[in-house]
Trainee: 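First the structure, which I've put down as structure tokens, then a few questions once you've had a look.
The structure presented is a predicted model; accordingly, all values stated were derived computationally and were not measured. All residue numbers refer to positions in the sequence shown, counting from 1.
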Amino acid sequence: MPFRLKPTLREDLATADRALIGGWVCSGSPVMAEIMAGSGLDVVLIDMEHAPNTLESVLVQLHALSGYPVTPIIRVPSADPVIIKQVLDLGVQNLLVPMISTPEQARDVAAATQYPPRGIRGIGNALARSGRWNRVQNYLEEGAQHVSVFVQLETVEGVENAEAIAAVEGVDGIFAGPSDLSASMGLLGQQTHPDVIAAVKHSFAAARAAGKTAGVNAFDPTAAHDYLDAGAAWVLVGADVALVARGSEKLAADFIPRSAH
């Protein structure tokens with residue numbers, strides 16, 4: 001029986017009448033992934049760059065998310081085409097690739113996500129969840145339609161090249177990472193410094209000029225609202241581990257006498 005895949009994040013952004021709001025899952029836990037998926041958020045990002053995730057744990061989390069009306073996106077640890085191939089074969093439809101600073105790097109990413117002759121993605125759909133073991137009709141011919149690709153700008157060079165990067169065929173949008181960007185600007189840990197915010201907003205304008213969408217990571221609510229007002233198409237506003245850390249700290253502060261600390 002033919003199997004229909006869900007729409008991609010690219011399609012969600014194209015049809016949405018508002019910016020999409022999402023959160024990270026950095027714990028590696030399918031339980032936390034399911035809790036985030038059932039929250040009402042539009043997007044849940046599973047992180048492989050800074051979180052303890054393997055192909056196996058990502059697959060389990062995809063299963064946990066599959067029953068909810070939420071769009072999963074995976075941040076791979078690097079632009080390595082082998083890792084991208086393996087993650088796509090898990091059935092991941094939406095990718096975020098970190099540390100992209102040049103159009104050439106973006107073109108390599110796009111090539112890694114598409115089958116020949118447009119790209120270099122290895123063919124394993126008959127053996128993999130991506131094409132649901134040949135249950136998705138015409139998956140080989142239409143593979144690019146089932147995958148959306150976003151690249152993360154995290155350096156001064158990346159912001160300077162934002163329009164050229166966004167314009168690369170096969171890249172659906174850019175995503176600003178203020179943490180590493182602030183470090184690249186000599187403002188380590190100052191994600192809400194005015195110069196960092198200005199650089200992020202510059203990337204939004206560059207994406208629009210290229211006819212693409214732009215997103216951003218913003219755990220600070222004031223910054224998140226500011227970026228939404230500036231035209232961000234999607235914003236990630238929190239993470240499972242941060243929510244638990246701050247929530248448990250508040251419990252301790254509320255219920256344990258100060259003299260006990």
Side-chain angles (χ1 to χ4, degrees), residues 3-14 45-51 53-59 61-62 71-155 157-158 161-175 177 180 206-207 210-215:
F3 186 92
R4 295 176 64 89
L5 295 174
K6 288 184 176 182
T8 64
L9 181 55
R10 174 184 61 244
E11 294 169 290
D12 290 346
L13 291 168
L45 188 147
I46 298 170
D47 189 27
M48 296 182 74
E49 185 184 15
H50 293 298
N53 274 311
T54 63
L55 294 172
E56 291 81 3
S57 67
V58 169
L59 179 59
Q61 289 170 81
L62 290 174
T71 298
I73 181 168
I74 307 301
R75 182 168 71 174
V76 290
S78 73
D80 185 331
V82 174
I83 294 174
I84 289 174
K85 172 180 62 178
Q86 292 178 308
V87 168
L88 290 177
D89 280 348
L90 289 181
V92 171
Q93 292 182 256
N94 308 292
L95 286 180
L96 178 62
V97 181
M99 289 294 180
I100 300 302
S101 297
T102 68
E104 292 76 19
Q105 291 172 339
R107 281 192 283 271
D108 288 344
V109 168
T113 66
Q114 299 187 37
Y115 292 124
R118 296 177 66 186
I120 61 169
R121 179 182 174 186
I123 298 171
N125 64 301
L127 309 174
R129 186 173 180 263
S130 54
R132 297 306 190 273
W133 306 278
N134 273 346
R135 291 172 181 164
V136 178
Q137 289 186 337
N138 304 317
Y139 183 84
L140 281 179
E141 296 80 4
E142 300 172 359
Q145 298 178 26
H146 298 304
V147 176
S148 65
V149 180
F150 299 85
V151 295
Q152 191 164 4
L153 309 188
E154 303 180 82
T155 64
E157 184 183 16
N161 290 325
E163 185 172 348
I165 291 170
V168 169
E169 184 179 357
V171 169
D172 295 295
I174 60 177
F175 186 83
D180 280 299
K212 302 289 181 67
T213 59

Trainee: Suppose we screen for ring-ring contact (aromatic ring centres under 6.0 Å, His included). Which residues come up paired with Y139, at least two apart in sequence or across chains?
Mentor: H146
Trainee: Looking only at non-hydrogen atoms, find the nearest pair between A162 and L153 and report the distance.
Mentor: CB-CD1, 3.7 Å
Trainee: Would you indicate whether the side-chain heavy atoms of L45 and L96 approach each other to under 4.5 Å?
Mentor: yes
Trainee: Please enumerate all residues that pass side chain to side chain contact (heavy atoms under 4.5 Å, CB included) together with Q137, with sequence neighbours excluded.
Mentor: P2
Trainee: Could you work out, with side chain to side chain contact (heavy atoms under 4.5 Å, CB included) as the rule, every residue matching T8, not counting sequence neighbours?
Mentor: R10, E11, Q93, N94, S148
Trainee: Which pair of non-hydrogen atoms, one from I100 and one from I165, has the smallest distance, and what is that distance?
Mentor: O-CD1, 4.1 Å
Trainee: Applying side chain to side chain donor-acceptor pair (under 3.5 Å), name anything that partners Q86, two or more places apart in sequence or on another chain.
Mentor: none
Trainee: How would you list, by chain and number, every residue that makes a side chain to side chain contact (heavy atoms under 4.5 Å, CB included) with Q145, sequence neighbours excluded?
Mentor: E142
Trainee: Would you please say whether a donor-acceptor pair under 3.5 Å links the side chains of D180 and Q152?
Mentor: no
Trainee: Supply the atom-to-atom distance L13 CG to D172 CG, rounded to the nearest 0.5 angstrom.
Mentor: 9.0 Å
Trainee: Once side chain to side chain contact (heavy atoms under 4.5 Å, CB included) is applied, do any residues pair with R129, and if so which ones, sequence neighbours excluded?
Mentor: L59, L62, H63, R132, W133
Trainee: Give every residue pair that meets the salt bridge (Lys or Arg N to Asp or Glu O under 4.0 Å) criterion with at least one member in residues 89-108, sequence neighbours excluded.
Mentor: D89-R121, E104-R107
Trainee: Indicate the atoms forming the closest heavy-atom contact of N161 with T102, along with that distance.
Mentor: ND2-CA, 4.0 Å
Trainee: Going by atom types only, do T155 and E157 share a side-chain donor-acceptor pair under 3.5 Å?
Mentor: no
Trainee: Does E163 reach the main-chain N or O of A210 with its side chain, forming a donor-acceptor pair under 3.5 Å?
Mentor: no
Trainee: For V168 and P103, which heavy atoms make the closest approach, and how far apart are they?
Mentor: CG2-O, 3.9 Å
Trainee: In a table with atom names and distances, give each donor-acceptor pair under 3.5 Å that connects a side chain of residues 78-85 to protein atoms at least two apart or in another chain.
Mentor:
| residue | atom | partner | partner atom | Å |
| --- | --- | --- | --- | --- |
| S78 | OG | D80 | N | 3.2 |
| D80 | OD1 | V82 | N | 2.8 |

Trainee: Under 4.5 Å between any side-chain heavy atoms of V151 and Q105, yes or no?
Mentor: no
Trainee: Looking at every heavy atom in both L88 and V92, which two are closest together, and how far apart are they?
Mentor: CD2-O, 3.5 Å
Trainee: Taking the side chain as everything from C-beta on, heavy atoms only, tell me whether K212 gets closer than 4.5 Å to I174.
Mentor: no
Trainee: I'd like to check the salt bridge (Lys or Arg N to Asp or Glu O under 4.0 Å) partners of E169; sequence neighbours left out, ordered by chain and number.
Mentor: R118
Trainee: Does the side chain of V109 reach to within under 4.5 Å of the side chain of V171, using non-hydrogen atoms?
Mentor: no
Trainee: Among residues at least two apart in sequence or on other chains, which ones pass side chain to side chain donor-acceptor pair (under 3.5 Å) with E141?
Mentor: none
Trainee: Can you sort out the partners of D12 under side chain to side chain donor-acceptor pair (under 3.5 Å), two or more places apart, ordered by chain and number?
Mentor: T71
Trainee: Does any part of the side chain of P72, heavy atoms only, come nearer than 4.5 Å to the side chain of L9, both counted from C-beta?
Mentor: no
Trainee: Side chains of I73 and F175, heavy atoms from C-beta outward: is any pair under 4.5 Å?
Mentor: no
Trainee: Applying salt bridge (Lys or Arg N to Asp or Glu O under 4.0 Å), can you list everything that pairs with E49, at least two apart in sequence or on another chain?
Mentor: R75
